[in-house]
Amino acid sequence: MVMDMIGMFAASRAGHDKDRVYVIVREAGEYVYVSDGRLRPVENPKKKNKKHIQIIKKMSDEILREKLTGGQQVYNEEVRKAIGGLTCQKQM
C-alpha cells in the first residue's frame with residue numbers, strides 16, 4: 001500500500017537546510033515540494049529529492065492535510081503553526 005506523502009512532516013537530511021522541519025505540500029515522481037511557512041512559503045516550496053528527506057511519522061493536522069489534498073488555499077501561518085506544534089511536542 002503506497003501512502004500519499006502530502007501533509008506529512010519531513011526533516012531535511014542533506015543540503016544547506018539539513019535538519020530543518022518541513023510540511024510536504026506536493027509530490028511529483030521522485031521529488032516532493034516542501035514548505036516551512038517562513039523561508040520557504042507555500043507559494044514557493046522547495047523541491048527535494050525523496051532520498052534527501054526523513055519522514056517524521058506524525059502527520060500534520062487533518063484540516064491542513066485536507067486543504068493540501070483538496071487544492072484549497074493554504075496559508076503560511078497554518079504551516080508554521082503545524083510545525084511549531086510538532087517541535088513543542090518533541091521538547092516535552
Side-chain angles (χ1 to χ4, degrees):
M1 180 174 129
V2 176
M3 195 164 152
D4 191 21
M5 295 173 77
I6 295 173
M8 289 184 166
F9 291 107
S12 177
R13 293 191 322 177
H16 70 279
D17 61 345
K18 187 175 186 212
D19 297 327
R20 182 177 289 276
V21 177
Y22 294 103
V23 172
I24 298 173
V25 295
R26 199 164 71 227
E27 201 175 350
E30 60 187 71
Y31 294 99
V32 291
Y33 292 84
V34 295
S35 171
D36 66 359
R38 280 197 168 83
L39 296 174
R40 281 298 176 169
V42 176
E43 304 82 34
N44 186 26
K46 181 168 181 61
K47 181 179 179 182
K48 293 287 282 184
N49 190 314
K50 288 181 182 179
K51 295 178 197 174
H52 297 159
I53 60 167
Q54 174 69 49
I55 296 296
I56 300 171
K57 293 296 179 189
K58 182 165 173 45
M59 298 291 288
S60 62
D61 62 44
E62 285 302 311
I63 296 169
L64 182 59
R65 181 176 169 76
E66 287 174 19
K67 285 179 119 181
L68 287 167
T69 56
Q72 296 177 345
Q73 174 74 37
V74 176
Y75 297 100
N76 291 313
E77 182 181 343
E78 294 172 299
V79 174
R80 288 193 302 264
K81 275 186 172 180
I83 291 172
L86 176 71
T87 54
C88 286
Q89 288 177 359
K90 277 183 161 180
Q91 291 174 355
M92 291 183 162

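Values in this document were obtained by computation on a predicted structure and should not be read as measured data.
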Discussion item. Counting only heavy atoms not in R38 (residues, nucleotides, ligands), do more than 12 fall under 6.0 Å from its CZ?
Written reply: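 Open.
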
Discussion item. Is it the case that over 12 heavy atoms from other parts of the model lie below 6.0 angstrom from the NZ atom of K81?
Written reply: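 Incorrect, the count does not exceed 12.
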
Worksheet item: Of K46, H52, K48, which is the lone residue that meets side chain to side chain donor-acceptor pair (under 3.5 Å) with S12?
Response: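 Filter result, single survivor: K48.
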
Worksheet item: So how far is it from R26 CZ to K47 NZ, rounded to the nearest 0.5 Å?
Response: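 Rounded to the nearest 0.5 Å, the CZ-NZ separation comes out at 9.5 Å.
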
Worksheet item: What is the distance from atom NZ of K67 to atom CD1 of I6, rounded to the nearest 0.5 Å?
Response: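 K67 atom NZ to I6 atom CD1 measures 15.5 Å (nearest 0.5 Å).
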
Between [X] and [Y], is any pair of side-chain heavy atoms under 4.5 Å apart?
X	Y	result
E43	N76	yes
V34	R40	no
D17	Y22	yes
M5	I53	yes
V21	I56	yes

Could you check whether any side-chain N or O of [X] sits under 3.5 Å from a backbone N or O of [Y], counting only pairs where one atom can act as donor and the other as acceptor?
X	Y	result
K51	E30	no
R80	G37	yes
S35	V23	no
D36	L39	yes

Worksheet item: Are I24 and L68 close enough, and set up right, to give a side-chain contact (heavy atoms from CB on, under 4.5 Å), and what steps lead you there?
Response: CA-CA 9 Å; I24 298 173; L68 287 167; over 6 Å; no

Worksheet item: Where do V79 and V74 come nearest, in terms of heavy atoms and distance?
Response: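 Closest approach of V79 to V74, heavy atoms only: CG2-CG1, 4.1 Å.
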
Worksheet item: Looking only at heavy atoms, which two atoms of F9 and A82 are closest? And how far apart?
Response: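 Shortest heavy-atom separation between F9 and A82 comes out as CZ-O, 3.5 Å.
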
Practice prompt. Determine, using the 4.5 Å side-chain heavy-atom cutoff (strictly less than), whether M8 and Y31 are members of one ILVMFWY cluster.
Written response: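 Not linked; separate clusters.
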
